[in-house]
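All chains are named by letter (A, B, ...) in the order of the sequence lines, taking the proteins before the strands, and each is independently numbered beginning at 1.
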Protein chains: 2
Amino acid sequence: MLHAALIEELKALVEPGKVLTDAASLEAYGKDWTKHFAPAPSAIVFPKSIEQVQAIVRWANQHKVALVPSGGRTGLSAAAVAAHGEVVVSFDYMNQILEINEFDRTARCQAGVVTKQLQLAAEEKGLYYPVDFASSGSSQIGGNIGTNAGGIKVIRYGMTRNWVAGLKVVTGAGDILELNRDLIKNATGYDLRQLFIGAEGTLGFVVEATMRLERAPKNLTAMVLGTPDFDAIMPVLHAFQSKLDLTAFEFFSDKALAKVLARGDVPAPFDTPCPFYALLEFEASTEEVANDALAIFEHCVEQGWVLDGVMSQSEQQLQNLWKLREYISETISHWTPYKNDISVTVSRVPAFLKDIDAIVEANYPDFEVVWFGHIGDGNLHLNILKPDNMGKDEFFAKCATVNTWVFETVAKYNGSISAEHGVGMTKRDYLGYSRSEAEIACMKAVKAVFDPNGIMNPGKIFA
Amino acid sequence: MLHAALIEELKALVEPGKVLTDAASLEAYGKDWTKHFAPAPSAIVFPKSIEQVQAIVRWANQHKVALVPSGGRTGLSAAAVAAHGEVVVSFDYMNQILEINEFDRTARCQAGVVTKQLQLAAEEKGLYYPVDFASSGSSQIGGNIGTNAGGIKVIRYGMTRNWVAGLKVVTGAGDILELNRDLIKNATGYDLRQLFIGAEGTLGFVVEATMRLERAPKNLTAMVLGTPDFDAIMPVLHAFQSKLDLTAFEFFSDKALAKVLARGDVPAPFDTPCPFYALLEFEASTEEVANDALAIFEHCVEQGWVLDGVMSQSEQQLQNLWKLREYISETISHWTPYKNDISVTVSRVPAFLKDIDAIVEANYPDFEVVWFGHIGDGNLHLNILKPDNMGKDEFFAKCATVNTWVFETVAKYNGSISAEHGVGMTKRDYLGYSRSEAEIACMKAVKAVFDPNGIMNPGKIFA
């Protein structure tokens, strides 16, 4: 742990009361949503300006103190966990939207702005911030950028990366860089902005970001379709995608649906039982678009790809259909699920999913597997549920074995071992399944450029 | 120039006849569309495989031979010029589209695939490659990626960067990296793919790229609108953009229009004379959309922002309206224009344009200035025409002075000295107007990671 004299030095860099070392704060700010590592930071510091962040980084370089950036702490890869006496730099007090420009359709945000706060501010101006996911009520923009957050609308709007017009960062060397100047077109050398997106704070800290905004979507309409098998989901996606601009294309299995319906607070989409379901969404901006969607639906039924389906006719029905998908994660948390967030290219999904299913079934026939995910972008969430009669330790030990097989299968299909949750500490030992040795060597050399003393979130991404 | 023995070694690395050293080839392959530097390469080599590219790079490292990548040679910043005895690596024989995947909506291309070739191959499958510009008939995908090419549809589809799903590169160190595996979601550390996009071949050579494709646009419809002054263009953009998904929003001045109309082969859009014109395009996918567009047009007329306008009613009319914009560059080439490709954020455009106009007018009242560009993304093409009675040398010397003032104004507005043409050799001495010293130092250090011997396109981006 950090020497008391250093804590005093740290206190001098920020406003009074903005360094915390009490047990409750260390516990709260030392971890994210993962539960794998016990939090053990030395202190939590709350800067209120870019200059204070810079002063903290310079001080950390001087004393070789490890820093961990902290946003909404909703991460799922332990990238924001401080388990080794680090100083946590929290952006909770840098939480202002500094400017919204309606002509440029941009919002200049401090790193600690909460995703929902940005969404609401955009809405007030008749605009829209489209990156959305379960933790939007507490995740912060700086953290979203650090993990290049994805979510449920990626098929139409892309990842957080697409919405970053400009970045201010404090590098590990203590330099303030203003990257890309919020420009749409800028061909003046390497786009360093892109390096900091998804870098999990290992190169430097994002302190300010100008985020792009979009026009608000019109009359969002959802369909839930039941398919006779998983393979049928792909031609359904293809049929809709060639005619409509989909804003979402999600899927879930009958097991996932059954667990959500058992809650009793969401109506079933229809009575026909189906092994798999697709949830798709589009802007029914005109009646013609809605009619097109119905025609494609009928075509899918004729082809035998779809057994039954329903289309939302109101905002309430839209919300209810979305609940079928959105409630899954929370509902299955009761069974202590072992989660994997993996991706392959869309066309490889059916074969990949069958391979994984076969592996789990052959080796652990007593494990229940719940699949759901963002099929439109090849991102699958594999959830293995703990049998009620199995102890946690035994379960997680067996899952670790499954893990290796899953990642070997991911590698075979040239996929990603972390689609949208990042590497952090939970995936760093598996990085080689998705990145070559030469790539990892380049990444480490790039880190050394921006963080020569290795003080920025050490032990994350790389061991 | 390279020693004859080394040329023989180089010949051994590729197929017979695939190294050229004759004067005509050296002249042709040693330059791009810029005319500032005399081409003087030592040899031109034509690899046919990734392995041959790797062998060339390894050989170049061994002998410290400088390499210049060569695509369609349509660049406008001298990034593909070999003026100092370099070996030019041409991708003309790596020109195959290896695979089109309709489910993934991707096309895997060798670096030498011509943009138009990709556009047509996509069209055959009912898909669309949306990055388009004047040189699409000869520019190559590898070069597009190297300069992060933009063009006329950026407001809707973004730059080339948005369309690169995966890259194979040979780094300056001779490593083959497969970057991003064509995935939509991949959160496994730094996205090195992004570094190579827009790097102008200074980190390594792009040898293969998987490009994303889109559904084809429906019933593209254009409007040309005349405005009473430049300021009025901004609320017009705002009004249309808040209701419609524009696929283009271009502008040009009356001087630009007059020169195109003087050719006699394009009809005038309407009779009302206006100082500025906007050309906008959208998908009139339903009648409702077209009616919306007309309603917004009427609103703009009522507000006094638009004096007159016309909407295309057929493919032929669409083409004719586009010619008003697309013919400008070719038409004014008669006056030996001094071109600048600059950008600021959209909301700053009117003030910025006035500042530049004032500077040129005050200092060179005899210079005619023709403005046009992609106003929807803040990208302006400033063209200063040579007075008929002024010699070329005198004209270019005076323009160099203007240049400095233009770039100072760009810096004042926090803009880019190169919006979409790249830095190459023509802008490298001005890089400091758009990137800070700390940024340039980081860029150079990143280059050293991937190109430790400095053999990849040396003298480009950095002096």
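- Between Phe249(A) and Phe282(A), the distance separating the two ring centers is not shorter than 6.0 angstrom.
- Remark: side-chain polar atoms of Asn414(A) are not paired, donor with acceptor, to backbone N or O of Arg181(B) under 3.5 angstrom.
- Salt bridge annotation for Lys460(B)-Glu200(B): absent, with no cationic side-chain nitrogen under 4.0 angstrom from a carboxylate oxygen.
- When atom types are taken as modelled, the side chain of Asn101(B) and the backbone of Asp104(B) share a donor-acceptor pair closer than 3.5 angstrom.
- Interface remark: Met159(A) contributes side-chain atoms only to the contact with chain B (heavy atom separation under 4.5 Å).
- Contacts between residues 231-240 of chain B and chain A, defined by a heavy-atom separation under 4.5 Å, are made by Met234(B), Pro235(B), His238(B).
- Listed options Ala199(B), Gly189(B), Ala438(B), Ser285(B) were ranked by heavy-atom pairs under 4.5 angstrom with chain A; first place goes to Gly189(B).
- Your options are Ile461(B), Asp245(B), Ile155(B), and the one with the most heavy-atom pairs under 4.5 Å with chain A is Asp245(B).
- Checked against the 6.0 Å centroid criterion, the rings of Phe450(A) and Phe196(A) qualify as a close aromatic pair.
- Side-chain polar atoms of Arg215(B) and Gln241(A) form no donor-acceptor pair below 3.5 angstrom.
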### Task
Assess whether side chain to side chain donor-acceptor pair (under 3.5 Å) is satisfied between Thr345(A) and Asp182(B), documenting all intermediate values.
CA-CA 7 Å; Thr345(A) 55; Asp182(B) 309 345; over 6 Å; no
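- Between Asn379(A) and Asp341(A), the side chains place a donor N or O and an acceptor N or O closer than 3.5 Å (distance only, hydrogens not considered).
- For the set Gly415(B), Ser436(B), Gly126(B), the count of heavy-atom pairs under 4.5 angstrom toward chain A peaks at Gly415(B).
- Both the backbone and the side chain of Lys447(B) come within less than 4.5 Å of a heavy atom of chain A.
- For the options Val346(B), Ile184(B), Thr188(B), Asn162(B), heavy-atom pairs under 4.5 Å to chain A are most numerous at Thr188(B).
- For His374(B), the part lying under 4.5 angstrom from a heavy atom of chain A is the side chain only.
- Listed options Thr286(B), Leu177(B), Asp175(B) were ranked by heavy-atom pairs under 4.5 angstrom with chain A; first place goes to Thr286(B).
- Using the six-membered ring where Trp is involved, His421(A) and His381(A) have ring planes that are parallel, under 30° apart on the 30 and 60° scheme.
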N/O donor to acceptor pairs below 3.5 angstrom from side-chain atoms of residues 423-432 of chain A, sequence neighbours left out:
unit_1    : atom_1 : unit_2    : atom_2 : d
Lys427(A) : NZ     : Ile417(A) : O      : 3.0
Arg428(A) : NH1    : Gly459(A) : O      : 2.6

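- Each of Ser434(B), Gly378(B), Ala149(B), Gly198(B) has some count of heavy-atom pairs under 4.5 Å with chain A, and the biggest count is that of Ser434(B).
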